[in-house]
Amino acid sequence: MTHSANHTQKSRRGHRGPGRRIGRTLALVLPVVLVLSGTLAVTRVNWSGNASDSVLTASAGDLSAPAKSRAPQDVLRDRLLLELQEKDPGVALTQLQQEVDRHPSLAKHCVSIARALGRAAVRKYGPTRAQSYSRPVCDTAFATGVAAHQNG
């Protein structure tokens with residue numbers, strides 16, 4: 001083999017080397033990037049259904065299908081948690097008692113809702129102030145929620 005033929009063969013291999021390395025790197029990195037970007041996109045979708053807070057709108061296959069209704073206790077809990085944030089735990093607890101009196105079927109969910117309110121009150125006001133709002137709604141569930149969040 002002559003010097004020029006040997007040089008041509010080496011230079012061809014040299015051109016394939018970096019291209020292959022880049023190709024292999026892309027083959028390994030590109031799927032990871034695509035998966036991560038897809039995951040991040042899904043986490044940015046506002047799944048709560050409140051369109052005003054939406055950062056990214058997810059496409060839906062059938063927009064004419066009715067949305068699944070949420071359980072009454074979930075709607076009540078979310079409304080009372082919002083009330084607690086906007087006003088105070090006392091207002092939310094009073095409304096919880098009124099709703100349970102009006103709709104006795106909610107009584108079995110009263111304890112879990114009151115505990116959720118207790119935990120939220122600790123996050124907003126701290127354990128001492130949150131405990132000051134405690135009252136006998138659903139027995140001692142609010143106080144239990146305060147104590148559980150305070151210790152954990």
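Since this is a predicted model, take the numbers as computed values, not measurements. Below, each value reflects all heavy atoms present in this structure, side chains not excepted, and no hydrogens, waters or symmetry copies.
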Show me the donor-acceptor pairs within less than 3.5 Å that the side chains of residues 72-86 make with the rest of the protein, sequence neighbours left out.
residue	atom	partner	partner atom	Å
Asp74	OD1	Arg77	NH1	3.2
Asp78	OD2	Arg70	NH1	3.3
Asp78	OD2	Arg70	NH2	2.1
Glu83	OE2	Lys87	NZ	3.0

Looking only at heavy atoms, the pair that brings Tyr125 and Pro89 closest together is CE1-CD, 3.2 Å
side-chain hydrogen bond (donor to acceptor under 3.5 Å, both in side chains) against Arg123, all qualifying residues, sequence neighbours excluded:
none
Could you check Thr94, Leu96, Val100 and say which one makes a side chain to side chain contact (heavy atoms under 4.5 Å, CB included) with Gln98?
Thr94
Heavy-atom closest pair, residues Phe142 and Ala130:
CE2-O, 3.3 Å
For residues 101-114, which side-chain donor-acceptor pairs fall under 3.5 Å, sequence neighbours excluded?
residue	atom	partner	partner atom	Å
Asp101	OD1	Gln97	NE2	3.1
Arg102	NH1	Glu99	OE2	3.2
Ser112	OG	His109	O	3.0

